[in-house]
Structure formats: structure tokens, C-alpha cells
Amino acid sequence: MMPQAGAVPRVERRLDAPGATRFAWWLAAGVLVTLALTALSMLIGTSSIRTSLAWLLSPDADSNTVLWQIRLPRAIGAWLAGALLGLSGAIAQGLFRNPLAEPYLLGSSSGAGLGVSLSLLAASTSLRGIAWSGEIGITGAAFLGACAATALTVVLSRGAAQTASLLLAGIVVGFLLSAMTSLLLLSSPDAWRTMQAFLLGSTGYLSWHSNALLGGAFLVCMLPSVLLARGLTALNLGEETAQSLGVSLTVLRLALLAILSLATASTVAQLGTIGFVGLVAPHLVRETRPVNQRQLLIAAPICGGVLLQAADIISRWVVRPAELPVGVVTSCIGGSYLVFLLWRRARRA
Amino acid sequence: MPDAYPISSRDLSVRYGTRPVLERLSVDIHPGAWTCVVGPNGCGKSTLLRALGGFIKFDHGSVWLQGRPVRDWPRADRARRIAWLAQSSVTADLTVAECVALGRFAHTGWLGALQARDEAAIARAMAATGAEEWAHRRITTLSGGERQRVQLARVLAVEASVLLLDEPTTHLDPPHQEDVGRLLLAQARGCGVTIVSAIHDLSLALMADRLLVMGRDGLVGHGTPQDAVDGDWLSRAFGKPIKIVRMSGCHVWQPQLASGDSTLILPATPQCADEIDAGAQLQGVEIERLGLRL
């Protein structure tokens, strides 16, 4: 006998999205931490916190420039870039069903770096004080580089049907393009100096222009990711099963790879190559609470944003009045976290 | 065009690289029946199931789903008609309910808002397999048998007219194998669902409505279990005598351990042979009776 629709306990909607209310609290906490870190970021720089507070209370033209044209865009830009990295990490880990995957594995990061180097060599300018058109040009070059690298990876792995061959091809392409970037830069000592800080990853070049670009990229990447979340969940069950459920693997993969490329390219163009945020952010989210794929795709960017903002503050604090490249800080923190993950796994086994 | 059958193949050939797995295979799967595919390891059971579902490319021939080439069906339409259970065990980090809800993907699409009828299908499927007990748990915390039942629930939630199941009873304990067998028969006979499953347990397979027996050189026979027993298809398929006895109206496979027909040769050192000898004497068992020659 078919049970009547009304007789079926209506719990599945809630089951499909476990703990929606508690997830909302989690998100609210993430937003609060973001606001707190942004405020803290406004107070930290080459001058003391006391001076910064005085600037806030009695603003003048110079302090306004420092606070609103340098520190605030830097704080917001760091959050946006971290969010894009967190999103790429969550997508890469779902797409390759590998908890250690991140955009660098695809070679897209190296491709974006090569694109930036090429455009800088062509324009022979420095990174600081680049105009609007230059920003778009560099981001465009990075995107083209990332797309070309991703396409090369997909072709090398024969249509990206096999996860293992896709990862292998990605690593090969990554090495190849990094080597090409180094070769290019060696041929031009000026560009080498400019790119040095950039290759280590730095928030020092962030302006309102770059924020506009990062924010645009963030929106363009977030919306389709949330729509594709269900397909990514199905992919969890294996490629064949996902296919049998009616998921078009080609569409899903190409769309996700395009999002990955755009997210990677826009961060690389503005901040240089920053590692580990994409790896750590989704892990931290899963550590704090169980989430489904859609919740992860929303939460990982927030976590990534908070991480990079915090790393940015640390990079300006530890050796003040000088500062460290933020990529060094994320590598130290992220690397330790990775070691912790491996150590815990070994202990549990 | 084979119209009368829900799913059929004509001259189907599949090869992996240069190795032919299926060679010119033509089968018609009967509607509203549970068909079991049996045969030795590597004879192409899984490949046949995959080909019938249209999940792999074939080199030659065709597969027809409800009178239309299976690969010509629009993706979502096909996914609503065929549900697939893969052999590999799933290690996905999902809750049980999320996993079963994925069975409704073809009905709800990418945005996946579950309607009342989707929820009803999910609830029925979880009740039928007993998966509702763990609805809130994550799959990674379940045992192999429990995971298998969750996957079965996901397959049932599709409410497809054709179920292709690759070893649905793997990892299950005997009572749960029994449950699955009963469930499949009820689905086939009660709801008119067409089921094709690869199953290694011969006694269980002999309880199905139809048997599709495959050997290393292709199809041995396709008919009722009685046909298979009468024609001794299983012995031909496995290349060894397979003894089927009749017990209380059922065909049962009786493993021939006590006869000297099949000989197992153990690579044993003399020392080891002594130990086995001693062990066998302790249990009052003569090694010769087991057919072991050391």
C-alpha cells in the first residue's frame, strides 16, 4: 500500500540540510569575527595602535588616506582573496574527492602566475600604483593563464575523466609553467625584483580597484558554486553513480574548473601566490561542525577570508614597523596545520 | 527493434583496450522479473550491467531501453528510468538521509528542492531497507553492510522501472541478504520493477525469477533457474562441476568439500605439514578426507 503523502514524516527537508539553524549561527559568528578583524586591521600598521586610535578620533587628510585608502581596502581585499581561495579549496576537494586537493594541484595557480609575469614584462611596470586598465589587464592575463593551464591539464588527462590522471597532469603542468615563469624572470632582473615579493604573496598592493575586481570575481564564483553544490554532492558517490543519477559530468566538471580558474586568477593577479588557505579553510569548517556540500561552499569562503585577514594582521604585527609577505605567514600556519592533520591521522591509525 | 522488453541488447561487444569483455551478446531482460547474472570472476557481469545502463561506450551493437537506444535517451529521463548500484563501496562524507535524497536528483534537478512526493519516496526507501534508523548518521560511521543498505535505499528512492544492481548483497550478513532477496522479489513481482543483479551467492541467485549465466566465452544460457539446473549451465559457466540440490522446493548450491574431485595443493614445508597433521588428528579429521594432499 502506498502511504499517503501527508502520513510521511516531513523530516527529509531538514535532513537534506542538517542543522540549518545552527549553521545560521555559525555564519553569524563568521561575519562577527570578520568585522572584528577588519576593525583590528585598521589599527595596525607602521604607526602605533595609540596613534591609529587618535587618527580615528581626530581625522586629518593624511590619516584619512592611511586609514581609508590603504588599511581598509587591504583588510577587505585580504578577506575577499581568502574567501576566493577557501572557495577554490572546497571546490577542488569536492571535485577531485581528495581532502588534500587545492587549486595549485591543477596547475591553474602557476598558469595565473605566468600570465601575470608575461603582462608585467610586456608593460614593464611595477606593481604599485597600477591604474584601472592595468589591474584589469593583469587579472585578464592571469585568468587566461589559469584557463590555459587548466585546459592543458584537462587535455593531458584525456578529458579529465579519471581523478588520478587529472591530478597527475595538474602537477606536471604546474611544474612546467612555474619553470617557464622563472626562466622569463631570470631574463629580466628588474621584473625579477618586482616579482619576488609578489611570488611570495603580499597584501601590500591592494587598493579599492583591486577590491572591486576581487568582489566582482567573488560574486561571479559564489552564485554558480552554490547552484552546482548538489551535483558535487552526487559526485561524492563516485563518477559512475553520479552519472547514473542524471548528473552531466562534463558540464559539472567544466563549470567547476572555470570557477576554480577565475577564483585562482583573481587572487593571484592581486596578491600573488598564497598557499594553504584553500587547503585549510574547508578542513577547519568540517572540524567545527558537520556540513553538507552547499553549506561547505558557503562556509569555506568565510573561513578562508577570516584566515587570510588574520594572517595579514600577523604579517604586519610580528616584525613591525616592517612587514612579512603574507604568503610566508599562511605557509607557516598552513604547513603546521597540515603536519598536525597528518600526525593526528597517523596516531588514529 | 526489441519493443516487448524493458531492456535488451543486440550484438553487444565491449572491450577494455584490446581485451574483449563482451562479444556479440544479445539478451532480452524480462519485465517485472528479478534476473540474476552469475558467472566466474572477470566474465563481464559488471560490464554487462554498465552497458545495459548506458554508462559505458560499446564497440559494437546496441542496447535498447523501452524500445529506444539507451544512449539516445535524454540524461534526466534515463536517470528516472534506470537506477544503478555500483560494486565499489562508498566512502562519501554524507549523512544517510542526504545520500538517499540524491536518488531524487533526476526528479528535482540541480536546485534540488524536495517536493512531498520526493520525501515520500525517500521515506519509503529508507523504511524498506531499514536505513531510517541511521538517517542522521554520517555514512563514514556505518559498517559495510549498513552502507550497502543505504546505497540500496538510494537506488529504491529513484523509483525507476529498471534497477541494475552490481552485487547488492556484498557485505551483508545472511539475514540481511535474505531481506534484500525478499525486497527484490517484492519489487519485481509486486511493483512490476525490472531488476538485473550480479550475485555471487549461487543459492540466492537460484531464488530469482530468471538466471543469466555467463562463462568466460560469453553467454551460457538465459532462462528460469529450473532451465539452468536442467541444462547444467552453472558447471559449464564455471568450468567445474557445480552441484545443485533440491531442498524444500528450492535449488541450493552444495559445495563439494568432502569428495576428492577438487584438489587444493598447499605449498607446505614439512614442519608445517606436521602441524597441520597434528591439528587434524586433534580434531579427528583425516586430511585425505578433506581432499588435501600435502
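Letters A, B, ... are given to chains in the order of the sequence lines, protein chains preceding strands, and every chain is numbered from 1.
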### Query
Of all residues at least two apart in sequence or in a different chain, which pass the salt bridge (charged side-chain N to carboxylate O under 4.0 Å, His left out) check with A:E240?
B:R50
### Task
Against chain B, label A:L235 side chain, backbone, both or neither, depending on which of its atoms sit under 4.5 Å from a heavy atom there.
neither
### Query
Can you tell me if B:R182 and B:Q187 form a side-chain donor-acceptor pair at under 3.5 Å?
no
## Note on the structure
Taking a cut-off of under 4.5 angstrom between non-hydrogen atoms, the residues of residues 74-84 of chain B near chain A are B:R75, B:A79, B:I82, B:W84
### Task
Select one option (side chain, backbone, both, neither) describing which atoms of A:V226 are under 4.5 Å from chain B's heavy atoms.
neither
### Task
Please identify each residue that fulfils salt bridge (charged side-chain N to carboxylate O under 4.0 Å, His left out) with B:D166, with sequence neighbours left out.
none
### Task
Could you go through the salt bridge (charged side-chain N to carboxylate O under 4.0 Å, His left out) check for A:R344 and A:E287 one step at a time?
CA-CA 13 Å; A:R344 196 180 54 181; A:E287 292 281 319; 2.8 Å; yes
### Task
Report yes or no: do B:R147 and B:T140 form a side-chain donor-acceptor pair below 3.5 Å?
no
### Task
Examine the side chains of B:Y5 and B:T194 and answer whether a donor and an acceptor come within less than 3.5 Å of each other.
no
### Query
Who are the side chain to side chain donor-acceptor pair (under 3.5 Å) partners of A:T150, not counting sequence neighbours?
A:S261
### Query
Do you know which of B:L102, B:L94, B:I56 has the most heavy-atom pairs under 4.5 Å to chain A?
B:L102
